[in-house]
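Everything on this sheet refers to the single structure shown next.
As the structure lists them, so they are numbered: ligands from 1, and atoms in each ligand from 1. FYI, the numbering just counts along the sequence from 1.
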Amino acid sequence: MASAVMVLAASAAVAGQALAAPGPSSDPSPAVVGGTRAAQGEFPFVVRLSMGCGGAMYSPNLVLTAAHCVNGTGNNTSITATYGDVDLQGSKRVTRQSNYVYRNPGYTTATGGDWALIRLSSPIPNAATLSLATSSAYDTGTFTIVGWGAASEGGAQQRYLLKAQVPLVADTTCKTSYPSLKAPVEICAGYKQGGTDTCQGDSGGPMFRRDNANNWVQVGIVSYGKGCARANYPGVYAQVSALSSAIAAKATELGRG
Ligand code: ARG
């Protein structure tokens, strides 16, 4: 049963996380897994969450992340979001505490729907936001993945944001690796040979691509995988196009800032 070996995210929860600086740029050591450093400002909507997950700014006061990154719905002042700097210790970083968490009540590992919204105690002025895919039109092609998670299976969390690109894996193909894939609400991406993937600590972060107007659009939320970057085991992402109307409705209720 594959799920027994899929490490679900909050396990990445990082007590006293060690932040490993990447090697010099001549060093081919990977990032995300198989990635490279993101430039400052390249993906301004990405945030790091203190429980050891990623997220994306949905609005100036709401962060979209994974349900499996949070414990439940309700008032919650325990999460710190770090925005604005690829370097988690950099001087451009802006931090906010959470004041409320909404965890998709329908989420289980059996049903999927791995999303949650975190409301910040105050909006981040002029925050860059990432639009959600509202149809399946962009659930194809090559996607960008980013995160401060492990750069190798079992590896350390990262100080600097890493990025990589991964192609769509069709549902039928992905089901041969993950027979219990929840195809309507999960989307897979990666190379058959492995080598490039999200990993522990990237959970909740966005997978995205350009739309026809050349704007970034979010198609996935990092959810799970067997190990990281293994051949024939792509990453599995919550499929935003199937979830975006519920997310948008809840965001309106929470007050989008
Ligand atoms: N659940 C993981 C987390 O805690 C993310 C795993 C993604 N794994 C993968 N092979 N794409 O961050």
Ligand 1 contact on [X] by region, counting heavy-atom pairs under 4.0 Å:
X	value
C69	neither
D202	backbone
C199	backbone

Taking only heavy atoms of [X] into account, list the atoms of ligand 1 that are under 4.0 Å away from them.
X	result
G235	11 (N)
C228	10 (N)
D197	9 (C), 10 (N), 11 (N)

Keeping [X] on the side-chain end and [Y] on the backbone end, is there a donor-acceptor pair under 3.5 Å?
X	Y	answer
Q157	Q200	yes
S121	Q97	yes
D197	C228	no

### Query
Which residue from G201, G52, G225, G204 reaches closest to atom 8 (N) of ligand 1 through any of its heavy atoms?
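Minimum heavy-atom distance to atom 8 (N) of ligand 1 goes to G225.
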May I ask you to check if ligand 1 and [X] share an N or O to N or O distance below 3.5 Å?
X	result
K226	no
Y237	no
G227	yes

### Query
Within a radius of less than 6.0 Å around CG of N126, do more than 12 heavy atoms belonging to other residues, nucleotides or ligands occur?
no
#### Entry: Beyond-backbone contact of R96 with I124, side-chain heavy atoms, under 4.5 angstrom
yes
### Query
Are any of the side-chain nitrogens in R159 or D87 under 4.0 Å away from the carboxylate oxygens of its partner?
yes
### Query
disulfide (SG to SG under 2.5 Å): which pairs involve residues 99-131, sequence neighbours left out?
none
#### Entry: Atom pair CH2/OG of W115 and S244 - distance to nearest 0.5 Å
10.5 Å
### Task
Could you tell me if any non-hydrogen atom of C53 lies under 4.0 Å from any atom of ligand 1?
no
